[in-house]
Colleague: 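After the structure tokens below, expect a handful of questions from me.
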Number of protein chains: 2
Amino acid sequence: MARAPTTFDSFNAIAEPRRRAIIESLIGKEMTVNQVVETMGWNQPMVSKHLGVLKQVGLVSERKQGRYRVYKVNAAQLKPIQEWVIQFEQYWMNSLDHLENYLNEIQSIEVKDE
Amino acid sequence: MARAPTTFDSFNAIAEPRRRAIIESLIGKEMTVNQVVETMGWNQPMVSKHLGVLKQVGLVSERKQGRYRVYKVNAAQLKPIQEWVIQFEQYWMNSLDHLENYLNEIQSIEVKDE
DNA sequence: TTGACATATTCCTTTATAGGAATATATTAT
DNA sequence: ATAATATATTCCTATAAAGGAATATGTCAA
């Protein structure tokens with residue numbers, strides 16, 4: 001059996017970094033495909049394809065306006081991911097990992113300051 | 001170019017439902033491979049393979065104890081995912097979607113109470 | 001030492017990419 | 001009607017995956 005399609009759910013769709021980048025730049029705005037193309041600096045078919053995947057899982061929705069298609073993010077589709085991850089938060093808070101990260105941060109700040 | 005390997009990062013690793021299930025049942029505990037096998041009801045090679053992927057991205061770590069291997073979750077590896085998703089929270093809160101969900105919750109509670 | 005137990009690895013098959021290049025479709029402007 | 005613009009789709013290739021079955025590896029017990 002192959003891996004689940006990227007069009008299957010949000011978990012699979014956002015596994016691809018370019019799709020996360022699209023979501024990041026499209027959040028809170030509405031954008032035409034070409035505006036995404038310009039923002040990202042990728043070729044148009046690539047943008048259309050990734051938008052297509054995001055659309056299939058409902059992470060973006062599209063509205064036709066003349067010859068343009070205006071896309072926007074459906075943030076609600078990210079909620080299940082948030083809910084899945086958040087149940088483990090207590091296990092990374094107050095942990096040795098946390099302490100470790102904290103110490104690393106302190107250290108890197110000190111290094112930066114020198 | 002093919003999709004990024006599931007061993008590439010946490011985003012890819014948790015795109016697979018079985019791996020999320022393993023994390024869910026392994027969180028906060030330590031378990032032997034066979035204990036995971038029993039818990040999940042899958043065959044042993046399958047469990048070992050998925051644990052292997054999770055290990056490669058650091059989502060679990062493993063400790064040898066005699067002929068057993070004891071696995072545990074490294075929850076800290078989920079933090080980047082949480083941090084990525086949480087930046088969009090404001091866009092699903094206070095939205096019509098939110099209102100809709102709220103109304104649905106109310107309704108299902110009322111139905112339950114009957 | 002030899003067998004039993006615990007776990008990992010290999011081989012195979014099917015499926016699904018993601019990107020590039022080329023092309024098709026739809027809509028507006030002249 | 002025709003050209004130009006905006007976007008989607010198709011075809012191709014290389015890569016990677018997940019599961020099943022079989023087998024290898026490592027460790028303990030008698």
Side-chain angles (χ1 to χ4, degrees), chain A residues 1-23 25-26 29-73, chain B residues 1-23 25-26 29-73:
Chain A
M1 200 180 287
R3 208 196 308 194
T6 54
T7 53
F8 183 68
D9 63 16
S10 299
F11 282 95
N12 280 282
I14 68 161
E16 165 62 45
R18 291 186 131 109
R19 285 194 286 266
R20 292 201 299 279
I22 287 180
I23 292 173
S25 75
L26 197 60
K29 319 184 184 85
E30 289 196 328
M31 273 200 216
T32 268
V33 175
N34 263 342
Q35 287 175 323
V36 178
V37 168
E38 283 169 30
T39 305
M40 294 294 142
W42 308 333
N43 60 63
Q44 177 267 314
M46 191 162 109
V47 169
S48 281
K49 283 180 203 167
H50 282 304
L51 282 173
V53 170
L54 291 172
K55 194 171 106 184
Q56 284 209 52
V57 300
L59 273 168
V60 304
S61 59
E62 165 235 18
R63 171 168 56 87
K64 282 178 94 164
Q65 184 154 24
R67 60 178 148 174
Y68 302 91
R69 310 243 183 144
V70 186
Y71 281 85
K72 69 173 176 186
V73 173
Chain B
M1 202 179 286
R3 208 194 310 191
T6 54
T7 52
F8 183 67
D9 62 18
S10 299
F11 282 95
N12 280 282
I14 68 162
E16 164 62 45
R18 292 186 131 109
R19 283 193 287 267
R20 291 202 297 279
I22 288 180
I23 291 173
S25 75
L26 197 59
K29 318 185 184 87
E30 289 196 326
M31 273 200 215
T32 267
V33 175
N34 264 342
Q35 287 175 323
V36 177
V37 167
E38 284 168 30
T39 304
M40 294 294 143
W42 309 332
N43 60 63
Q44 176 266 312
M46 191 164 108
V47 170
S48 281
K49 282 181 203 167
H50 282 304
L51 283 173
V53 170
L54 291 172
K55 194 170 107 183
Q56 283 210 51
V57 300
L59 273 168
V60 304
S61 59
E62 165 235 18
R63 170 168 56 87
K64 281 179 94 164
Q65 183 155 24
R67 58 178 150 175
Y68 302 92
R69 309 241 183 147
V70 186
Y71 282 85
K72 69 172 178 189
V73 173

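Sequence lines set the chain letters: A, B, ... in the order given, protein chains first and strands last, and positions in each chain run from 1.
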Colleague: Would you say D:dA6 has OP1 or OP2 under 4.0 Å from some side-chain N or O of A:Y71?
Modeller: no
Colleague: May I have the distance from A:L54 (atom CG) to D:dA8 (atom P), rounded to whole angstrom?
Modeller: 12 Å
Colleague: Could you check whether the side chain of B:K64 and the base of D:dG26 have a donor-acceptor pair of N or O atoms closer than 3.5 Å, going by distance alone?
Modeller: no
Colleague: Quick check: on DNA chain C, is the nucleotide nearest A:P5 upstream (toward 5') of the one nearest A:G66, or the reverse? Name the residue that is more 5'.
Modeller: A:P5
Colleague: Let me know the distance between CD of B:Q65 and C1' of D:dG26, rounded to the nearest Å.
Modeller: 15 Å
Colleague: For B:F8, which contact category applies under a 4.0 Å heavy-atom criterion: base, sugar-phosphate, or nothing?
Modeller: nothing
Colleague: Please work out if A:S48 contacts a base, only the sugar-phosphate, or nothing of the nucleic acid, heavy-atom cut-off 4.0 Å.
Modeller: base
Colleague: Over how many whole Å does the gap from B:M46 atom CE to C:dT7 atom C1' extend?
Modeller: 16 Å
Colleague: Can you measure from CG (B:L54) to CD (B:E62) and round to the nearest 0.5 angstrom?
Modeller: 12.5 Å
Colleague: In Å, rounded to the nearest 0.5 Å, how long is the span from CE of A:M46 to CE of A:M40?
Modeller: 9.5 Å
Colleague: Using modelled atom types only, decide if a donor and an acceptor are shared between the side chain of A:R20 and the backbone of A:I14 within a distance under 3.5 Å.
Modeller: yes
Colleague: Send over the distance from A:R63 CZ to D:dT7 P, rounded to a whole Å.
Modeller: 12 Å
Colleague: Select one nucleotide: of D:dA8, C:dC11, C:dA8, the one nearest the side-chain heavy atoms of B:K49.
Modeller: C:dC11
Colleague: Tell me: CE of B:M1 to C1' of C:dG20, nearest whole Å?
Modeller: 10 Å
Colleague: Does B:N43 put a side-chain nitrogen or oxygen below 4.0 Å from OP1 or OP2 of D:dG20?
Modeller: yes
Colleague: Whole Å only: how far is the CD1 atom of A:I22 from the C1' atom of D:dT7?
Modeller: 14 Å
Colleague: Test side-chain contact (heavy atoms from CB on, under 4.5 Å) on A:L51 and A:M31 and set out the steps.
Modeller: CA-CA 11 Å; A:L51 282 173; A:M31 273 200 216; over 6 Å; no
Colleague: Answer yes or no: does a side-chain N or O of B:T6 lie under 4.0 Å from OP1 or OP2 of D:dA16?
Modeller: no
Colleague: Applying the side chain to side chain donor-acceptor pair (under 3.5 Å) criterion to B:H50, which one of B:E16, B:R19, B:K55 satisfies it?
Modeller: B:R19
Colleague: Report the nucleotide, chosen from C:dT9, D:dT7, D:dG19, that has the shortest atom-to-atom distance to any side-chain atom of B:P45.
Modeller: C:dT9
Colleague: Hey, is the side chain of B:E16 pairing donor to acceptor with the base of D:dA17 inside 3.5 Å?
Modeller: no
Colleague: Given atom NE2 of A:H50 and atom P of C:dG19, what is their separation to the nearest angstrom?
Modeller: 4 Å
Colleague: Whole angstroms only, please: what is the NZ-P distance between B:K55 and C:dA8?
Modeller: 7 Å
Colleague: Report yes if at least one side-chain N or O of B:R3 is closer than 4.0 Å to OP1 or OP2 of D:dA14; otherwise report no.
Modeller: no
Colleague: Could you check which of C:dA8, D:dA8, C:dC5 has an atom nearest any side-chain atom of B:R67?
Modeller: C:dC5
Colleague: Kindly compute the distance separating CG (A:L59) from CG (A:D9), expressed to the nearest 0.5 Å.
Modeller: 9.5 Å
Colleague: Tell me whether the side-chain N or O atoms of A:Q44 pair up with the base of D:dA8 as donor and acceptor below 3.5 Å, since no angle test is needed here.
Modeller: yes
Colleague: Check every atom of D:dA18, C:dT17, D:dA6 against the side chain of B:R19 and return the nucleotide holding the closest atom.
Modeller: D:dA18
Colleague: Among the candidates C:dA6, D:dA18, C:dA8, find the nucleotide nearest to the side-chain atoms of B:R69.
Modeller: C:dA8
Colleague: For the side chain of A:E62, counting heavy atoms from C-beta on, which of D:dA8, D:dA6, C:dG19 is nearest?
Modeller: D:dA8
Colleague: Is B:N34 close enough to C:dC5 that one of its side-chain N or O atoms is under 4.0 Å from OP1 or OP2 there?
Modeller: no
